[in-house]
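Worksheet: the structure to be examined is printed underneath.
Bear in mind the structure is a predicted one, so any value in this text is a computation, not a measurement. Only heavy atoms go into these numbers, but all of them, side chains included; no hydrogens, no water, no symmetry mates.
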Amino acid sequence: MSQRKELHQSNKNKWKRLFYGLLSVNILFFLVIVAFIFWPVSENTFPSNEEQQTQESSEFTVRTTKNNLNELVNAYIDQALSNTGHEYSISFEEDVHLVGELPVFSSTVPLSVHLEPLVQENGDLILEQRSISLGLLELPNQKIMEYMDRYLSVPEWVTINPQDEEIYVAVTDMDLQSNFEVSVEHIDLEANNLAFNIRIPYRTLGID
């Protein structure tokens, strides 16, 4: 009788240890998720808005449409991402719409971001976040943008700032093979009115 009671007590203690062990794992997992959501987001610094001194050049203003810009931008993105394993696209509609995927918990989740373009005095562009979603995950906007900053492959002249929920596009820092210098003059997506300045340094044409 005593041995049966001891065996029963031993099994009871075993199940109790298993229960508390499983409970501890669940609590730890919950704490990790909470920490992930509420951990302070990083802040990136944007390039200076001060205009850089340039050599002698001539400047031309080119006007285009949203369709033309869509084709140009996404052709550039496709080439830039060809060997990265990443995939996303940008469409110019009533606003700037970025669509892609981000890796989350050993899987990929669809990303959708609507951005408002704001032209800067120096010809660069700030894309201000209007709405953002990462699949069905309920995450703070800043946390999603921090994930974008960490996993989205972007050119060196593009800076994602999760804290301010903005993307700085340093158009004036683009490295073009032609040595032309590009800046944004005007963007009105609703009116389909887009204008860019193209500066051609004289040295590009062999003029001293």
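Linking ILVMFWY residues whenever their side-chain heavy atoms come closer than 4.5 Å, directly or via other members, places Tyr76 and Val96 in the same cluster. Residues Val171 and Leu72 do not share a hydrophobic cluster, clusters being chains of Ile/Leu/Val/Met/Phe/Trp/Tyr side chains in contact below 4.5 Å.
Scanning both residues, Ile77 and Tyr88, for their nearest heavy atoms gives CG2-O, 3.5 Å. Taking all atoms of both residues into account, the shortest heavy-atom contact from Leu125 to Pro117 is CD1-CB, 4.2 Å. The two residues Leu189 and Lys66 have their closest heavy-atom pair at O-NZ, 2.9 Å. Closest heavy-atom contact between Val119 and Ile187: CG2-N, 4.0 Å. Nearest approach of Pro162 to Asp149, heavy atoms of both residues: CG-CB, 4.2 Å. Minimum interatomic distance between Ser183 and Thr172 (heavy atoms only, all atoms of both residues): CB-CG2, 3.9 Å.
Between Gln142 and Glu165, some side-chain heavy-atom pair lies under the 4.5 Å cut-off. A 4.5 Å side-chain heavy-atom check between Leu102 and Val109 finds every atom pair outside the cut-off. Side chains of Leu118 and Glu116 form a contact here, defined as non-hydrogen atoms less than 4.5 Å apart. Ile144 places none of its side-chain heavy atoms less than 4.5 Å from the side chain of Val113. With contacts defined as side-chain heavy-atom distances shorter than 4.5 Å, the pair Glu181/Ile198 does not qualify. Within the 4.5 Å cutoff, side-chain heavy atoms of Leu69 are placed close to those of Phe196.
Under a 3.5 Å cut-off, the side chain of Asn122 and the backbone N or O of Asp124 do form a donor-acceptor pair. Side-chain atoms of Asn141 do not come within 3.5 Å of backbone N or O of Ser131 as any donor-acceptor pair.
Partners of Ser107 under the side chain to side chain donor-acceptor pair (under 3.5 Å) rule, at least two apart in sequence or in another chain, do not exist in this structure. In this view, Ser82 satisfies the side-chain contact (heavy atoms from CB on, under 4.5 Å) rule with no residue, not counting sequence neighbours. Ala75 pairs by the side-chain contact (heavy atoms from CB on, under 4.5 Å) definition with nothing, not counting sequence neighbours. With sequence neighbours excluded, no residue satisfies salt bridge (charged side-chain N to carboxylate O under 4.0 Å, His left out) with Glu185. With sequence neighbours left out, the side chain to side chain donor-acceptor pair (under 3.5 Å) criterion links Ser89 to no other residue. Applying the side-chain contact (heavy atoms from CB on, under 4.5 Å) criterion to Val158, with sequence neighbours excluded, gives Val154, Pro155, Ile167, Val169. Thr65 meets the side-chain contact (heavy atoms from CB on, under 4.5 Å) test with Asn67, Asn68, Asn192; sequence neighbours excluded. Here His97 pairs with His114 under the ring pair (Phe, Tyr, Trp, His ring centres under 6.0 Å) rule; sequence neighbours left out.
Among residues at least two apart or in separate chains, salt bridge (charged side-chain N to carboxylate O under 4.0 Å, His left out) pairs with a member in residues 92-109 are Asp95-Arg130.
Remark: Phe92 CZ to Glu71 CD distance equals 12.0 Å, nearest 0.5 Å. With rounding to the nearest 0.5 Å, the separation of CD1 in Ile160 from OH in Tyr147 is 14.0 Å. Here the CE atom belonging to Met145 is positioned 13.5 Å from the CG atom belonging to Leu139, to the nearest 0.5 angstrom. For the atom pair Ser133 OG and Leu111 CG, the distance stands at 7.0 Å (nearest 0.5 Å).
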Steps toward side chain to side chain contact (heavy atoms under 4.5 Å, CB included) verdict (Ile132, Met148): CA-CA 11 Å; Ile132 189 168; Met148 289 173 58; 3.9 Å; yes
With side chain to side chain contact (heavy atoms under 4.5 Å, CB included) as the criterion, how do Leu152 and Leu98 come out once you've worked through the C-alpha distance, each side chain's angles and the decisive distance to 0.1 Å? CA-CA 11 Å; Leu152 203 65; Leu98 186 153; 4.2 Å; yes
Intermediate values then yes/no, side chain to side chain contact (heavy atoms under 4.5 Å, CB included), Asn193 and Arg63: CA-CA 7 Å; Asn193 183 9; Arg63 300 191 182 278; 3.6 Å; yes
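Looking only at atom types and distance, the side chain of Ser91 has no donor-acceptor partner in the side chain of Asn70 under 3.5 Å away. Side-chain contact annotation: Tyr168 with Asn161, donor-acceptor N/O pair under 3.5 Å absent.
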